[in-house]
Protein chains: 2
Amino acid sequence: MKKLRIKDIAKDLSISKTAVSFILNGRAQEKRISGELVERVEKYIQEVGFRPSAIARGLRTGKSNIIGLMVESISDPFFATIARLIENEAYKEGYRIIYCSTDNDTEKTKELINVLRERNVDGYIISPPPGVEKEINELIKAGMPVVMFDRYLAKVKTDYVVIDNEFSAENATRYLLKQGYRNIGFITFSSSLTQMKGRMKGYRTALREEGWKPYVLEIDFTPDEKVMVQTVKDFLVANPKLDAVLFGAVQAGACGLKAMTQLKMKVPQDLAVISFDDHDIFELFATPVTAIAQPIEKIAHKVISLLLDRLDAENGAGVVKEIVLKTRLKVRASSGVKAE
Amino acid sequence: MKKLRIKDIAKDLSISKTAVSFILNGRAQEKRISGELVERVEKYIQEVGFRPSAIARGLRTGKSNIIGLMVESISDPFFATIARLIENEAYKEGYRIIYCSTDNDTEKTKELINVLRERNVDGYIISPPPGVEKEINELIKAGMPVVMFDRYLAKVKTDYVVIDNEFSAENATRYLLKQGYRNIGFITFSSSLTQMKGRMKGYRTALREEGWKPYVLEIDFTPDEKVMVQTVKDFLVANPKLDAVLFGAVQAGACGLKAMTQLKMKVPQDLAVISFDDHDIFELFATPVTAIAQPIEKIAHKVISLLLDRLDAENGAGVVKEIVLKTRLKVRASSGVKAE
DNA sequence: TTGAAAGCGCTAACAA
DNA sequence: TTGTTAGCGCTTTCAA
């Protein structure tokens, strides 16, 4: 049973290719094709399980019905969850997803943009590394819908969805201060990205305004987690005065908790903890960890809605929408009042 | 700057379309095109950033260079990690990935297979739900390379990569028995899939041979985790004799640990724990949890290698490779010797 | 080495 | 309502 084409269907049913095509595309009524014929064709198509070639259609129409999703790493739980939610909503609208992991690598991302481009994807959802402004702007200039999330690029004028990083970090830091902690560290991955800069800024602001000194550790990301855990351990040992720490991301938090466990530090007695991103590890840690929870569902929903809007719009351009969502501080035992 | 076509390149360089095409496909030497010309064309292509349309090429050649990846849910950390590793290796070989989450839903999966089929994907990596034997067999009959993983379908004769579920579960159960536990429960998601059946069987075998009674809870999966946690709580409360429990999957383990935390049960004093799949939550739990770790890298590597082999082979058929990998019991404090 | 031309399967303008 | 036809951009055969 070889693959059928529209032509075959038409021949089998002794009707025209055009009619089949119109019926397939739901334009039967518009083209005034008899309901009787429509039914006959649909029944036949059903029977033989005919599926028109998306490739051929794509070549002809210039639409691929594919959305390119570029994230730092699809295995990151935050991005994996977003990917899942986006997939669901996109699917309902007839779009499929091709994903790429950028590793936050500028050159790799440029290449990946080209890869998606040659596949004629209809729209892009990008959590961009720094340095790809030019490439994304070219995409936009070529009329492609692009939505950024998690971070944005100041020099790229297109929709984005982010959280209020600065406020969230400041708020969490102030919370620690209110609980009685004074020497509060900030541990995060080194990054020039907007979201990390915002978190860092909020942390520094809170401390500065209250007159306390910042202690910052920027971890270089490596695939070998042990190395990163060791970095955190060294930092904690080198700064025994610390009584609290804010982690800038879930992986930083995971490394930190492992480091603290290995150092046999008690939470919150030896060190209070708050981390960005909520995750099972924080809920289940020996002392449940206070987390700055991102509204993941809302982020995913906004992202795909914005993209679908642009996809529908046709007319390109339109107002640029910059969405900033609020986080929620989920207070748990790790940030309890300082005992002394 | 509109999109270039091969034709434009040829015109700009005053040479033939054919030459450009051959050079693009690395067949210049074979076609005895002068090195000088090749260089000139490559330089120009570089300069203007020309990328041939993958769609047009796909239509012409029948190859899409896309691999379809179908997993239960891309947000599941196990599948997300696999997806990432597969992406990397596939990318090196020039393949891109379209993913779909099946939700383990038979009808949805059938539809998704068709979706991938109409996109002309070159190969399939599937972690199949039950009931899609017919559809997958059709794929295979049509000459499509298919590799299954995590579980397999007995009635589908194609490559697969799984772990030794039965042995792993039996081994873990025996370990608990050796540590002095006697009333050992098994908590898992309800499933007729091979991997879960294997785990169940191994668990039962160990208990039967040692003369102890099984206690099984099969959780119905729901997106609302609270419901599942409650189910586990009810089960634990209803079976106060339990002194140990084996979780059949990481999510079951997560639900279980949450339930136990809420019930203020101490591990391992009130209940010893071992879970399938290793994960940060197990490492970081108040009492670190013994885990049956799957060799994720090896699984991903095997899966994509098998698929690439088949993709290269052309000749279809070939011997069916059924790979069974070993797991590793990572012993932690949650399965310490029973105190009494 | 090069050029012409067919055709992958589909859509859609146009004519009937 | 229906049929014809011209491409979409690329690969590849064949002849020059």
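Every heavy atom of this structure was used, including side-chain atoms; hydrogens, water molecules and symmetry mates were not. In the text below, chain A, chain B and the rest are named by the order of the sequence lines, each starting its count at 1.
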Has B/Ser53 got a side-chain N or O lying under 4.0 Å from the OP1 or OP2 atom of D/dC10?
-> no

Is the shortest side-chain N/O distance from B/Ser16 to OP1 or OP2 of C/dT2 below 4.0 Å?
-> no

Say whether, by atom type as modelled, one donor and one acceptor occur between the side chain of B/Thr106 and the main chain of B/Pro130 under 3.5 angstrom.
-> yes

[X] [atom1] to [N] [atom2], straight-line distance once rounded to whole Å:
| X | N | atom1 | atom2 | result |
| --- | --- | --- | --- | --- |
| A/Arg119 | D/dG9 | CZ | P | 16 Å |
| B/Glu118 | C/dT11 | CD | P | 11 Å |
| A/Ile23 | C/dA12 | CD1 | P | 15 Å |
| A/Asn65 | C/dT11 | CG | C1' | 14 Å |
| B/Ile9 | C/dT2 | CD1 | P | 16 Å |
| B/Arg40 | C/dT2 | CZ | C1' | 13 Å |
| B/Lys7 | D/dC8 | NZ | C1' | 10 Å |
| B/Leu13 | C/dT2 | CG | C1' | 14 Å |

Donor-acceptor pair under 3.5 Å, A/Thr18 side chain vs D/dT4 base = yes

C/dT11 base to A/Lys17 side chain: any donor-acceptor pair below 3.5 Å?
-> yes

Tell me which nucleotide among C/dA12, C/dT2, C/dT11 gets nearest to the side chain of B/Ala19.
-> C/dT2

Between D/dG9, C/dC10, D/dT11, spot the one nearest the side chain of B/Asn25, thanks.
-> D/dT11

Ring centre gap for B/Tyr160 and B/Phe149 strictly below 6.0 Å | no

Result of checking B/Val147, B/Leu85, B/Ile67 against B/Ile304 for side chain to side chain contact (heavy atoms under 4.5 Å, CB included) | B/Ile67

Listed pairs under 3.5 Å, donor-acceptor, residues 16-24 of chain A side chains, sequence neighbours left out:
residue	atom	partner	partner atom	Å
A/Ser16	OG	A/Thr18	N	3.4
A/Ser16	OG	A/Ala19	N	3.0

Not counting sequence neighbours, which residues clear ring-ring contact (aromatic ring centres under 6.0 Å, His included) with A/Tyr44? List them please.
-> none

Identify whether any heavy atom of B/Leu37 sits under 4.0 Å from a base atom; if not, whether one sits that close to sugar-phosphate; answer base, sugar-phosphate or nothing.
-> sugar-phosphate

With a non-hydrogen cut-off below 4.0 angstrom, is A/Leu24 in contact with a base, only sugar-phosphate, or nothing?
-> nothing

State plainly whether the residues A/Glu30 and A/Arg27 are in salt-bridge range, i.e. N to O under 4.0 Å.
-> yes

Sidechain N-carboxylate O distance under 4.0 Å for B/Glu39, B/Lys43 | no

Selection: residues 54-64 of chain A, any non-hydrogen atom under 4.0 Å of DNA chain C | A/Ala56, A/Arg57, A/Arg60, A/Thr61

